[in-house]
Amino acid sequence: QYVEMDVTVAEEAKIGTYPIELLIDGLSNTSNGDPNVSTKLVIKTQILKEKEPAQLSIDKIKYDNTTIGQDMTLSFKVKNEGELAARSVYVSIDYNDTGMVAGYAAKSVKIDDIEGQKDIAVSLPIKILPTATMGMKSLRVNITYKNSQGEKTTDSHDLYISLKEDFPAK
């Protein structure tokens, strides 16, 4: 006789050997003593492969109008390079002293959950202040998300945008 069972482990399970404790209760058909019997059996199972955790990157970066004093739209894709899902994904941008500010009200923008190896398009309005100066500016995009255990992680990426002056037509 044998026992067959399925074992379910968390997605984040690490490579290693793990004990499984089986508690077996039954009835004995022998006539000497208590008919109830029980025993404990420990077997070991091995996890041979781990799934890659969520890791978010940005690519396909596009922006339209980089003229000082104008509005522009910054678009990019947030891609989950891992195998595990990224939950409760938020994007925020550090503008620092670039002469640019958010053209949206929320400090962090919720974009959605991103399954492993999937991406989501993000489009954000940005205002370029009239006091901004020409040249290359660095924006830091922060992507905050949770894994299935609820642990929060932030991945940051720098983007470079060259601002230009608005030359009036003569």
Side-chain angles (χ1 to χ4, degrees), residues 6-19 45-170:
D6 292 328
V7 177
T8 303
V9 298
E11 280 190 313
E12 292 87 4
K14 303 292 181 199
I15 292 173
T17 303
Y18 300 91
T45 188
Q46 254 188 327
I47 295 178
L48 302 173
K49 184 178 182 225
E50 292 178 15
K51 287 188 174 184
E52 290 294 321
Q55 182 175 347
L56 303 184
S57 65
I58 56 175
D59 67 350
K60 299 186 180 165
I61 302 160
K62 295 180 186 172
Y63 43 87
D64 52 8
N65 182 11
T66 61
T67 305
I68 293 172
Q70 302 292 315
D71 293 345
M72 70 176 237
T73 301
L74 173 64
S75 302
F76 52 89
K77 290 204 174 208
V78 177
K79 182 175 182 184
N80 184 350
E81 305 285 351
E83 295 176 271
L84 300 177
R87 305 282 181 216
S88 298
V89 181
Y90 286 84
V91 171
S92 65
I93 297 181
D94 292 338
Y95 293 95
N96 297 320
D97 296 327
T98 60
M100 293 180 269
V101 295
Y104 46 93
K107 182 175 178 170
S108 293
V109 178
K110 181 167 177 43
I111 57 172
D112 211 350
D113 294 348
I114 306 176
E115 297 300 322
Q117 299 299 309
K118 301 289 183 193
D119 60 30
I120 289 185
V122 177
S123 185
L124 299 171
I126 295 175
K127 296 184 180 301
I128 305 171
L129 301 174
T131 55
T133 57
M134 269 185 16
M136 191 69 67
K137 307 297 177 185
S138 174
L139 300 177
R140 173 153 291 179
V141 178
N142 301 303
I143 309 167
T144 304
Y145 59 95
K146 293 180 181 178
N147 64 19
S148 65
Q149 304 297 320
E151 297 164 337
K152 190 183 277 190
T153 302
T154 299
D155 292 335
S156 297
H157 307 276
D158 291 332
L159 299 179
Y160 298 93
I161 297 175
S162 182
L163 299 183
K164 61 184 180 185
E165 284 190 30
D166 185 13
F167 295 105
K170 292 184 180 185

>> Give me the atom names and distance for the closest heavy-atom approach of L84 to A54.
In response: O-CB, 3.4 Å

> When rounded to the nearest 0.5 angstrom, what is the spacing between CE in M72 and CG in L124?
Replying inline: 9.5 Å

> Got a second to check how far K51's NZ is from E11's CD, nearest 0.5 Å?
Replying inline: 4.5 Å

> With sequence neighbours excluded, what pairs up with Q149 under the side-chain contact (heavy atoms from CB on, under 4.5 Å) test?
Replying inline: A10, E12, N147, E151

Please confirm whether the backbone N or O of [Y] pairs with a side-chain atom of [X], one donor and one acceptor, at under 3.5 Å?
X: Q117; Y: E81; result: yes
X: E83; Y: E52; result: yes
X: D119; Y: K77; result: no
X: D155; Y: I143; result: no

> Taking only residues two or more places apart in sequence, or in another chain, which ones meet D158 in a side chain to side chain donor-acceptor pair (under 3.5 Å)?
Replying inline: R140

>> Please enumerate all residues that pass side chain to side chain donor-acceptor pair (under 3.5 Å) together with T66, with sequence neighbours excluded.
In response: none

> More than 12 non-hydrogen atoms from neighbouring residues, nucleotides or ligands closer than 6.0 Å to NZ on K110, yes or no?
Replying inline: yes

>> With a sphere of 6.0 Å drawn around CD of Q55, does it hold more than 12 non-hydrogen atoms of other residues, nucleotides or ligands?
In response: no

> What pairs with K79 under salt bridge (Lys or Arg N to Asp or Glu O under 4.0 Å), at least two apart in sequence or on another chain?
Replying inline: none

Show the atom names and distances, to 0.1 Å, of all donor-acceptor pairs under 3.5 Å that link a side chain in residues 98-108 to residues at least two apart or in another chain.
residue	atom	partner	partner atom	Å
T98	OG1	Y95	O	2.9
T98	OG1	M100	N	3.1
Y104	OH	Y95	OH	3.0

>> Tell me which pairs pass salt bridge (charged side-chain N to carboxylate O under 4.0 Å, His left out) where either residue lies in residues 85-98, with sequence neighbours left out.
In response: R87-D113, R87-E115

